[in-house]
Amino acid sequence: MSAMNPDDRAAVWLLANQRGVLSREQALANVVTEEGLRHRIRTGGPWQRLLPGVYLTATGQPTREQRLIAAILFAGPDSFITGPAALRNYGIRGPQTEIVDVLVPWTRRRASRQFVAIHRTSRTPPQWTSDGPLRFALAARAVADAVRELDKRADARAVVGSAVQKRRCTVKQLADELAAGPVRGSAQLRAVLAEVADGVRSAAEGDFRTLIGTSGLPQPMLNARLLLDGELLGIVDAWWPQAGVAVEVDSREWHFEPGAWEATMRRHRRLTAAGIYVIHVTPRQLRTEPDRIVRDIAAALRHGRPAAGIVSLAAAA
């Protein structure tokens, strides 16, 4: 490096920072001449064209990071990765897709190409996170943009539940995005946030709520706080006070973190010792044996009775 002139050092830094991905302008300004560029991107040459005006200075399959950098270079200044690609950056569960969604200013005339989906917007993010040359919309915006493209309520629940449970964003931030964003495609996000406000906390609990709503069973209290002699016994996913029956949706992702299994068992002992009948179901059982779950709950409700001394508080309390 010490033997290079300043331009050489700039080129080396640029190639390293952008993982070997360059725009045409960067290549001509820092690395090669017009003739050298044509030579390198020729058929069988050492470089390849990833997108119009964006090149990878190597052969072979580009990595995920190189594709993201290429998308940002193609989209231009003030562009931001959003949707599923941004969710993955935040560790949020989302749709599996090779498409990179990018927000660009409304005035920019840029069309989607290959693996890049361009979204022109009048609401360019005022804040973002960055990783080298990459710029990501904040988690709440990425969640809202991803959910707008989903057709299934269960998929929308999974995205929202993952983002909130992992504390990448808050329900209020998602509600603000819903209010500020376009009406088109907002139905799923609106419905899931209404479920959260009604006490549903995870995707599996949302699926359970849907099952109960279509089963003909009485509507339970969701995420109810149960107290005995002024002390909290526990918060249960569903609660029928008239029968003393509680249901716990035991999702490994949400509940089986280190130490959580022991906490679940302690809560189960406290509840049963107070005369509460507790039914445990898993997300897999909700998918594979919903009718059996409904029958078990119906039987418990028929034979149950109120638990003495239990005070029930709604989730909002």
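Here, residue 1 is the first one in the sequence, and each next residue gets the next number.
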* **Same cluster (ILVMFWY, side-chain, under 4.5 Å), Val102 and Val143** => yes
* Asked: Under a single-linkage definition using a 4.5 Å side-chain heavy-atom cutoff for Ile, Leu, Val, Met, Phe, Trp and Tyr, are Ile118 and Leu103 assigned to the same hydrophobic cluster?
  -> no
* To do: Using distance alone, with no hydrogens and no angle criterion, decide if Tyr55 and Ser23 have a side-chain donor and acceptor under 3.5 Å apart.
  => no
* Asked: How about Arg64: does its CZ atom have over 12 heavy atoms from other parts shown lying under 6.0 Å from it?
  -> yes
* Asked: Hey, are Asp145 and His119 close enough side-chain-wise for a donor-acceptor pair under 3.5 Å?
  -> no
* Asked: Counting only N and O atoms by type, is there a donor-acceptor contact under 3.5 Å from the side chain of Arg120 to the main-chain atoms of Trp106?
  -> yes
* To do: Can you run down the ring pair (Phe, Tyr, Trp, His ring centres under 6.0 Å) pairs that involve residues 268-309, sequence neighbours left out, and say none if there aren't any?
  => His268-His280
* Modelled atom types, side-chain donor and acceptor of Gln66 and Gln18, under 3.5 Å -> no
* **Backbone of Glu98 reached by a side-chain donor or acceptor of Arg67 within 3.5 Å** => yes
* To do: Applying salt bridge (Lys or Arg N to Asp or Glu O under 4.0 Å), run through Glu248 and Arg267 and close with a yes or a no.
  => CA-CA 11 Å; Glu248 292 272 66; Arg267 184 171 66 252; 2.8 Å; yes
* To do: Indicate whether the side chain of Trp239 and that of Ser312 have a donor and an acceptor atom separated by less than 3.5 Å.
  => yes
* According to the salt bridge (charged side-chain N to carboxylate O under 4.0 Å, His left out) rule, which pairs have a member within residues 289-299, sequence neighbours left out? -> none
* Asked: Salt bridge or not for Arg40 and Glu35, using N-O below 4.0 Å?
  -> no
* Counting N and O atoms only, with roles assigned by atom type, does the side chain of Arg184 sit under 3.5 Å from a partner on the main chain of Pro182, one being a donor and the other an acceptor? -> no
* **Polar side chain donor-acceptor pair, Thr210 to Arg157, under 3.5 angstrom** => yes
* Asked: Judged by atom type as modelled, is there a donor-acceptor pair below 3.5 Å linking the side chain of Gln285 to the main-chain atoms of Thr282?
  -> yes
* With distance as the sole test, does Asn17 use its side chain to make a donor-acceptor pair with the main-chain N or O of Trp13 at under 3.5 Å? -> no
* To do: Indicate yes or no: at least one non-hydrogen side-chain atom of Thr129 is less than 4.5 angstrom from one of Tyr90.
  => yes
* Asked: Hey, any chance Val159 and Val192 share a hydrophobic cluster, counting ILVMFWY side chains that come within less than 4.5 Å of each other, even indirectly?
  -> yes
* Asked: Any side-chain donor paired with an acceptor under 3.5 Å for Gln188 and Arg153?
  -> yes
* Asked: Among the clusters formed by ILVMFWY side chains lying less than 4.5 Å apart, do Phe74 and Leu56 turn up in the same one?
  -> yes
* To the nearest 0.5 Å, how far apart are CG in Leu313 and CG in Leu227? -> 5.5 Å
* Okay, side chain of Gln242, backbone of Arg305: is any donor-acceptor separation there less than 3.5 Å? -> no
* Within 6.0 Å of CZ in Arg42, more than 12 heavy atoms from elsewhere -> yes
* **Cation-pi geometry met for Arg135 and Trp128 (6.0 Å, 45°)** => no
* Going only through I, L, V, M, F, W and Y residues with side-chain contacts under 4.5 Å, is there a path from Ile41 to Val31? -> yes
